[in-house]
Amino acid sequence: MNSTPRMNETEVLRVKLEVLRREHRDLDDAIEALQDRATSDMLTLKRLKKQKLALKDRIASVEDRLTPDIIA
């Protein structure tokens with residue numbers, strides 16, 4: 001018999017949300033550091049900003065799954 005504790009869907013989503021938020025903060029830090037450099041690579045900066053926006057969308061999606069629908 002397998003007695004390994006398993007995480008339910010809500011717990012998995014909360015962990016995933018934390019990971020996505022951490023990645024978002026890391027990208028924010030990378031963008032800020034790149035902008036502070038005098039010779040910043042605009043293409044890299046644009047790509048990082050695009051990744052950050054995609055992460056923001058994924059974060060919103062996970063948050064929506066965690067928030068129950070309330071019919072007013």
Side-chain angles (χ1 to χ4, degrees):
M1 191 161 137
N2 190 358
S3 63
T4 305
R6 297 188 60 140
M7 292 173 43
N8 65 30
E9 183 181 1
T10 301
E11 292 169 329
V12 170
L13 287 174
R14 289 188 192 284
V15 169
K16 184 174 184 175
L17 185 59
E18 183 55 38
V19 169
L20 291 173
R21 285 179 175 158
R22 189 173 304 128
E23 287 179 33
H24 190 268
R25 280 191 305 270
D26 290 347
L27 274 175
D28 200 29
D29 292 342
I31 289 168
E32 186 176 328
L34 193 57
Q35 287 175 331
D36 288 344
R37 290 178 27 196
T39 58
S40 62
D41 180 6
M42 295 308 287
L43 182 59
T44 302
L45 194 58
K46 187 175 180 179
R47 287 179 181 163
L48 289 175
K49 286 182 177 184
K50 190 172 183 176
Q51 280 182 296
K52 186 178 167 190
L53 284 174
L55 275 174
K56 185 176 180 181
D57 289 342
R58 290 175 58 196
I59 289 169
S61 175
V62 172
E63 287 174 337
D64 286 346
R65 290 176 64 189
L66 285 170
T67 306
D69 290 336
I70 299 174
I71 300 173

(message) Tell me if the CD atom of E9 is crowded by more than 12 foreign heavy atoms within 6.0 Å.
(response)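 No, because the 6.0 Å sphere around CD of E9 holds 12 heavy atoms or fewer from other groups.
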(message) Surrounding CZ of R25 (heavy atoms of other residues, nucleotides or ligands, distance under 6.0 Å), is the total greater than 12?
(response)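 Yes.
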(request) Report whether V19 and L66 are members of the same hydrophobic cluster (ILVMFWY, side-chain heavy atoms less than 4.5 Å apart, transitive linking). (result)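 In one cluster: no.
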(message) Donor-acceptor check, side chain of Q35 to backbone of E32, threshold 3.5 angstrom: yes or no?
(response)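 Looks like no, no N/O pair under 3.5 Å.
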(request) For a side chain to side chain contact (heavy atoms under 4.5 Å, CB included) with D41, tell me which candidate from T39, T44, L45 qualifies. (result)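 Running side chain to side chain contact (heavy atoms under 4.5 Å, CB included) over T39, T44, L45 with D41 returns exactly one hit, T44.
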(request) Identify whether the distance between the nearest side-chain nitrogen and carboxylate oxygen of R22 and E18 falls below 4.0 Å. (result)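 Yes, this pair counts.
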(message) Is any side-chain heavy atom of L17 closer than 4.5 Å to one of L13?
(response)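 Side-chain contact under 4.5 Å: no.
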(request) With rounding to the nearest 0.5 Å, note down the distance linking CG in L34 to CZ in R47. (result)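 Between atom CG of L34 and atom CZ of R47 there are 12.0 Å.
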(request) Return the minimal non-hydrogen interatomic distance between T10 and N8, and the atom names on each side. (result)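 Closest pair (atom of T10, atom of N8, distance): N-OD1, 3.1 Å.
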Just distance, no hydrogens or angles: give the donor-acceptor pairs under 3.5 Å from side chains in residues 50-62, sequence neighbours left out.
from, atom 1, to, atom 2, distance (Å)
K52, NZ, D28, OD1, 2.7

